[in-house]
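Notes for the one structure printed next.
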Amino acid sequence: PAPPKSPVVAPASDKPPKLEPLQEVVPPEDISFSRFLKTEIGWGKMPMPSTTTRSARVFNFIRVPMALERFLAFGFLTCMDAFLHNLTYLPLRFMNALLLAMLQ
């Protein structure tokens, strides 16, 4: 008997999924406050997002806090570097300049 076939899994694409607009595109001359309220409250035509759109939103929801944490950590380390420079190197340079001034 022939061995059973294993399921073939398609390789993951490197491209992000194409996102479809959730709302209809409105030309600028048709924009009004009542239309804005209808779409924001949900009374306008709003189709349900596809699974790729939902999964992309979930991934973005997870990815954004991690990127923000890295950015804040970088800012903290930059501030610490400037603070420690003022705390250590500047007094040493002052003492060196004072010593050189006294020796001349």
Here the gap from Cys79 atom SG to Leu84 atom CG, rounded to the nearest 0.5 Å, amounts to 11.0 Å
Taken to the nearest 0.5 Å, the spacing of Asp81 CG from His85 NE2 works out to 8.0 Å
Item checked: side-chain contact (heavy atoms from CB on, under 4.5 Å) between Arg93 and Asn96, worked out -> CA-CA 5 Å; Arg93 289 178 64 190; Asn96 187 21; 5.5 Å; no
- [ ] Test Phe76 against Leu72 for side-chain contact (heavy atoms from CB on, under 4.5 Å), laying out the working first.
- [x] CA-CA 6 Å; Phe76 174 75; Leu72 291 175; over 6 Å; no
* Criterion side-chain contact (heavy atoms from CB on, under 4.5 Å) on Ile62 and Val58, from CA distance to verdict -> CA-CA 6 Å; Ile62 293 170; Val58 169; 4.0 Å; yes
Rounded to the nearest 0.5 Å, the CE atom of Met80 sits from the CG atom of Leu87 at a distance of 9.0 Å
message: With a 4.5 Å cut-off on side-chain heavy-atom distances among I, L, V, M, F, W and Y, is there a chain of contacts connecting Met102 to Phe94?
response: yes
Interatomic distance, OG1@Thr52 vs CZ@Arg57, rounded to 0.5 Å, equals 10.5 Å
